[in-house]
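Take a look at the structure set out below.
Computed from a predicted model, the values in this text were never measured in an experiment. Numbers here are sequence positions counted from 1.
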Amino acid sequence: MERGLLVGREEEVEQLLAGLKDSWQGKGVLFLIGGEAGIGKSRLLDELAAQAKKRGASVLMGRCWEAGGAPPYWPWVQCFRAYVRSHNSARLSNDLGTGAADVARIVPEIRDVLPDLPEPPPLSPESARFRLFDSTAALLQRAAGTQPILIVLDDLHAADIPSLLLLRFLGREMDAARLLIAAAYRDKEMSDAMKETISDLTRLSVTRRLNLGRLREIDVGTFIGGASGTAPSPKLTAAVYQQTEGNPLFVDEVVRLLASEERLGGLDPRTGHLAVPQGVRAVIGRRLEQLSAPSKEILALAAVLGREFDLETLLKATGREAAAVLQGLDEATTEGVVSEAPGTPGRFRFSHQLMREVLYDDLAPSQRLRHHRRI
């Protein structure tokens with residue numbers, strides 16, 4: 001069964017690809033993608049990243065940390081770390097220009113590649129921040145002149161204020177760059193700073209907004225058909241739609257569960273209706289039960305690391321042989337519990353946040369403490 005079938009989003013995909021085309025022609029585009037949890041924002045971003053990469057763009061991805069404690073500019077740090085890893089010193093020196101020392105303030109890895117950088121001059125916090133913003137904008141403009149760039153920012157509702165300010169600054173500097181920024185957020189969980197940012201960015205000519213709604217019943221039927229290979233009965237489609245209310249995350253999990261139980265052909269003949277769990281946590285719990293004990297133990301530790309995790313860190317934290325950890329991740333990948341993070345080799349992420357939360361919540365307090373200490 002194909003993971004994360006993209007249905008009911010034809011219009012949104014068309015708009016994103018049109019924006020990608022415009023950005024290639026030197027007309028910067030900023031997409032703001034809002035919607036409730038589980039509505040398919042991350043899946044849409046993954047599709048955009050895949051299409052951009054296929055067309056030869058440089059794809060930089062950052063995700064805001066929702067649990068607190070992340071350093072300032074965290075999603076941008078992730079993006080620029082990926083940029084540093086994928087370019088040699090000559091290219092980095094050219095793209096960074098005179099602003100290299102400023103950007104290195106938040107991305108120390110730059111000094112590993114360019115060790116002779118001077119220290120930035122002592123400035124007030126406001127002046128230092130402006131220099132950072134200006135140097136970042138200049139970096140992206142120069143880099144995009146060589147290769148179009150897509151920047152993906154997920155879970156923007158959890159962004160820190162400095163990250164939001166940088167986004168607002170770049171929105172005013174990207175109109176003539178081969179640059180596309182796509183930022184997704186939960187519109188029900190926005191802070192006051194986030195609301196102000198959305199209001200400010202919406203006034204810019206580069207900004208385009210997408211608000212994702214729930215799937216229609218016909219889309220749910222298409223989803224089931226794509227999973228089973230045959231058109232579902234109207235009763236089955238109606239039952240899944242009624243149970244999930246068109247939330248793509250719910251639909252995906254329920255359909256995968258039905259597929260694993262070989263019940264996609266129709267309703268339960270004994271009851272005449274669709275017996276599915278009442279909540280997505282119950283669905284996820286049953287999915288996780290299909291994994292072996294070693295795989296679940298590895299994923300429980302990964303859940304402490306977060307929605308997205310680094311393979312090297314996980315290997316060190318488990319203390320197990322690499323082959324055993326990789327086997328556990330392969331099993332979880334096959335079951336669709338985790339996947340490789342697009343554009344970031346060596347990193348994985350849970351298929352959605354609730355999957356990670358169920359694993360984390362199932363840990364006893366002593367286990368959580370022990371895992372945190374190991375990490």
Side-chain angles (χ1 to χ4, degrees), residues 4 6 8-9 11-13 15-16 19-20 23 28-49 52 59-79 149-172 174 179-204 206-215 246-250 252 280 306-308 341-344 349-357:
L6 190 62
R9 302 299 185 207
E11 181 178 345
E12 289 84 355
V13 170
Q15 292 184 50
L16 289 171
L20 189 62
S23 68
V29 177
L30 169 61
F31 275 105
L32 298 176
I33 306 172
E36 65 178 303
I39 205 66
K41 302 180 295 297
S42 296
R43 178 65 183 87
L44 197 61
L45 291 177
D46 287 347
E47 179 67 19
L48 174 62
V59 178
L60 308 177
M61 307 187 75
R63 182 184 298 277
C64 300
W65 177 246
E66 299 185 76
Y73 305 107
W74 179 239
W76 296 104
V77 169
Q78 295 173 71
C79 290
I149 295 176
L150 166 65
I151 292 179
V152 172
L153 304 174
D154 205 357
D155 293 331
L156 194 66
H157 56 276
D160 57 286
I161 291 178
S163 292
L164 295 175
L165 290 174
L166 177 53
L167 178 60
R168 292 168 70 173
F169 186 93
L170 292 177
R172 288 169 167 77
M174 61 182 290
L179 174 65
L180 190 152
I181 300 178
Y185 56 93
R186 297 178 196 164
D187 52 11
K188 305 295 184 182
E189 303 178 31
M190 295 193 296
S191 63
D192 290 340
M194 179 63 183
K195 292 176 182 177
E196 183 179 349
T197 297
I198 296 298
S199 176
D200 180 65
L201 292 174
T202 300
R203 292 193 289 266
L204 301 179
V206 299
T207 302
R208 306 177 189 182
R209 295 192 66 174
L210 293 177
N211 294 307
L212 301 188
R214 295 184 177 185
L215 300 179
N247 183 295
L249 182 149
F250 282 51
D252 189 23
V280 70
R307 165 77 183 276
E308 187 169 318
T344 313
R349 73 181 187 188
F350 289 98
S351 56
H352 45 71
Q353 179 62 18
L354 289 177
M355 189 75 73
R356 178 251 170 193
E357 289 180 4

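Of all the heavy atoms in A52 and L20, the pair that sits closest is CA-CD2, 3.8 Å. Scanning both residues, L212 and E12, for their nearest heavy atoms gives CD2-CG, 3.6 Å. Contact between D187 and G34 at its shortest, heavy atoms only, is OD2-C, 4.2 Å. Here the shortest heavy-atom pairing between C79 and G62 reads SG-N, 3.6 Å. When all heavy atoms of A49 and L150 are compared, the pair lying nearest together is CA-CD2, 3.7 Å. Between H157 and R186, the closest heavy-atom pair is ND1-N, 3.1 Å.
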Go through the steps to decide whether D46 and M61 satisfy the test side-chain contact (heavy atoms from CB on, under 4.5 Å), and finish with yes or no. CA-CA 10 Å; D46 287 347; M61 307 187 75; 4.2 Å; yes

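Looking at T202, its side chain does come within 3.5 Å of a backbone N or O of I198 through a donor-acceptor pair. Listed for the K41 side chain is a donor-acceptor partner under 3.5 Å among the backbone atoms of E36. Looking only at distances, no side-chain donor or acceptor of S23 sits under 3.5 Å from a matching main-chain atom of V29. Judged by distance alone, with hydrogens and angles left aside, the side-chain atoms of D160 form a donor-acceptor pair with the main-chain N or O of Y73 at under 3.5 Å.
The line from CG of L44 to CZ of F31 is 9.5 Å long, rounded to the nearest 0.5 Å. A distance of 7.5 Å separates CG in L16 from CG in L180, rounded to the nearest 0.5 Å. Annotation: the span from M194 atom CE to E196 atom CD amounts to 12.0 Å, rounded to 0.5 Å. Here the straight-line distance linking atom CG of L249 with atom OG of S42 works out to 10.0 Å at 0.5 Å rounding. If you take CD1 on I33 and CG on L48, they are separated by 7.0 Å, rounding to the nearest 0.5 Å. To the nearest 0.5 Å, atoms CZ (F250) and CD1 (I39) are separated by 10.0 Å.
Between R307 and D154 there is no salt bridge, since none of the side-chain N atoms of the basic residue sits less than 4.0 Å from a carboxylate O of the acidic one.
For the side-chain contact (heavy atoms from CB on, under 4.5 Å) with L167, the qualifying choice from L156, D200, I151 is L156, the only one to do so.
Side-chain contact between T197 and Y185 is absent, with no heavy-atom pair separated by less than 4.5 Å. Taking 4.5 Å as the limit, every side-chain heavy atom of E47 sits out of range of all side-chain heavy atoms of R9.
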